[in-house]
Protein chains: 2
Amino acid sequence: MAIQPEPRPEPRRPWNRAQLLRAAIALADTGGIESLSMRKLSHELGGGTMSLYNHFSNKDDLLDGMIDSVFSEIELPAGEHAWKDNMRRRALSIRAVMTRHPWALGLMESRRTPGPATLRHHDAVIGCLRDAGFSLQLTAHAFSALDSYIYGFALQEQSLAFGTPEETSELAKAFLLQFPTKEYPRLAELTIDHVLQPGYDYGDEYEFGLDLILDGLESTWLRR
Amino acid sequence: MAIQPEPRPEPRRPWNRAQLLRAAIALADTGGIESLSMRKLSHELGGGTMSLYNHFSNKDDLLDGMIDSVFSEIELPAGEHAWKDNMRRRALSIRAVMTRHPWALGLMESRRTPGPATLRHHDAVIGCLRDAGFSLQLTAHAFSALDSYIYGFALQEQSLAFGTPEETSELAKAFLLQFPTKEYPRLAELTIDHVLQPGYDYGDEYEFGLDLILDGLESTWLRR
DNA sequence: ACCTGAACACCGTTCAAGT
DNA sequence: ACCTGAACACCGTTCAAGT
């Protein structure tokens, strides 16, 4: 009796980089960056242990691609706005993007191979400032000061784990119970009389610091 | 013939938390945070696979301790200085500490259990500003703006991988060859005519942005 | 009470082998 | 050319067992 040959399993639809990046980002958005493994992503998409390696040389290559994809979501300076408005909009846009992809921030620290979207972004920001009459020196100052603040704020927001203001309040209360108020009286005061007051939202701090820097840059720029 | 009993192996000297934290920090300083594993640290100190778990409940507990230890290295505000001077010194001190322990920055993002040194630090900063007459509101503004900038700059410095200025120059040159200059003309200009000029050092940008914020805070404070 | 090895459920990646 | 499973050298941590 002839053995019925096993029907060959339907070969999966071939992948492409863009689709894989989308899936990897979705996985990181949902489960955090620690839930993204080469094996898990591949299996989730119906591939084998090693299938991803046909499209990315290694995990770093995948992470580089994810970061560049995140950069492509940032609003670029547009010709019709003044530099200050453009830089302000960019800052707000980066915060929105970082909120959508919180895992991206921690990765930027270690990425050293910028992709095309990243380079396009940097080029547009520099161009915006140069066109407004910023010297090379002042452009470098502005870029450094703004990006330090923008990404630093995102870092603060993450380490403070401030989701909704309600969560913040819960966290601050738990926090107060945890440490001896007597030993840290100024921290306790700020927590009780400011952070725990109704309407408090750490996110509101963003524009204060941002405008401090933008106004400072404007003064320097006017004195050029 | 009686079997010679195996001489019992010399029991290792018992550990304590402080010593383990020092060793863990030294390991991370030398080989990066990815070289720090519970097993490796334990083996290096003559312990078994699980020995560390007698002193830390898990790896997060160890990381929390390391971060708090790093915080203890930061120069605290001192009574004899004005608030602006104190905040400036603190900012410079944090950069120095982050240069010594580059792995700490990436960890701060995920730490949510501040230790005593961290709380003492926060309490001292808040106290310094309050004593100078900052309202609770302005204290929160100042703390947020300064820390965002300080940690953000450290992040920039790391992602730009600027070691010595010489390395920077090498990196920038390799960088220019890598991407099509024609496609990113403003970025190319800034790189060639500014970054690659003799004497350029990205670290010099730190004080520009810092003073922008400190001066802005001072204006707001004077108007109080 | 303090310590630790075996075992489990994971990783990224090399390599040899399949089509 | 494209794909993938076994195997290797790692992880953090549970658990049972030692002293």
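Per chain, numbering begins at 1; letters A, B, ... match sequence-line order.
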inquiry  = Expressed as a whole number of angstroms, how long is the span from A/Leu62:CG to C/dT13:C1'?
reply    = 14 Å
message = Please list all pairs meeting side chain to side chain donor-acceptor pair (under 3.5 Å) that have one or both residues in residues 42-52 of chain A, counting only residues at least two apart or in different chains.
response = none
note = residues 180-191 of chain A vs side chain to side chain donor-acceptor pair (under 3.5 Å), sequence neighbours excluded, gives A/Arg186-B/Asp131, A/Glu189-B/Arg130
task = Figure out the NZ/P separation between B/Lys59 and C/dC10, and round it to whole Å.
result = 18 Å
inquiry  = What I want to find out is whether A/Arg17 reaches A/Asp61 closely enough, with some N-O distance under 4.0 Å, to be called a salt bridge.
reply    = yes
note = Hits for ring-ring contact (aromatic ring centres under 6.0 Å, His included) against B/Phe56, two or more places apart or cross-chain, chain-then-number order -> none
message = Once salt bridge (charged side-chain N to carboxylate O under 4.0 Å, His left out) is applied, do any residues pair with A/Arg39, and if so which ones, sequence neighbours excluded?
response = none
key: Partner set under ring-ring contact (aromatic ring centres under 6.0 Å, His included) for A/His122, not counting sequence neighbours   = A/Phe71, A/Phe143
Between D/dT13 (C1') and B/Leu52 (CG): distance, integer Å = 12 Å
remark   = Symbol by symbol from the 5' end, with Watson-Crick or G-U pairs under 3.5 Å, [ ] crossing and | another strand, DNA chain C is ||.|||||...|||||.||
query = Within this structure, what is the CG-to-C1' distance between A/Asn54 and C/dT13, rounded to whole angstrom?
reply = 13 Å
query = When you measure from the centre of the six-membered ring of B/Tyr206, is the NZ or CZ of B/Arg95 under 6.0 Å away and within 45° of the axis?
reply = yes
message = Which residues pass the ring-ring contact (aromatic ring centres under 6.0 Å, His included) test with A/His194, not counting sequence neighbours?
response = A/Tyr200
task = Using a cut-off of strictly less than 4.0 Å, decide whether B/Thr49 has a side-chain nitrogen or oxygen near OP1 or OP2 of C/dT4.
result = no
Restricting to nitrogen or oxygen on both sides, can you table the protein-nucleotides 14-18 of chain C pairs closer than 3.5 Å?
none

ask   = For the pair made of CH2 in A/Trp15 and P in D/dC2, what is the distance, rounded to whole Å?
value = 15 Å
inquiry  = Under 4.0 Å, heavy atom to any atom of DNA chain C: which of residues 16-29 of chain B qualify?
reply    = none
query = What residues form a salt bridge (charged side-chain N to carboxylate O under 4.0 Å, His left out) with A/Asp64, not counting sequence neighbours?
reply = A/Arg111
query = Does A/Arg90 pair with A/Asp147 as a salt bridge, N-O distance under 4.0 Å?
reply = yes
remark   = Residues pairing under ring pair (Phe, Tyr, Trp, His ring centres under 6.0 Å) where one sits in residues 90-119 of chain B, two or more places apart or in two chains, turn out to be B/His101-B/Trp103
query = In whole angstroms, how far is the C1' atom of C/dT4 from the NE2 atom of B/His55?
reply = 13 Å
key: Between P of C/dT13 and CG of A/Asp61, the distance in whole Å   = 10 Å
inquiry  = Treating B/Lys59 as the side-chain partner and B/Met38 as the backbone partner, does any N or O pair qualify as donor plus acceptor under 3.5 Å?
reply    = no
inquiry  = Looking only at the aromatic ring of each residue, does the gap between the centers of B/Tyr202 and B/Phe153 stay below 6.0 angstrom?
reply    = yes
Residue-level proximity of residues 36-48 of chain A to DNA chain D when a heavy atom falls under 4.0 Å = A/Arg39, A/Gly48
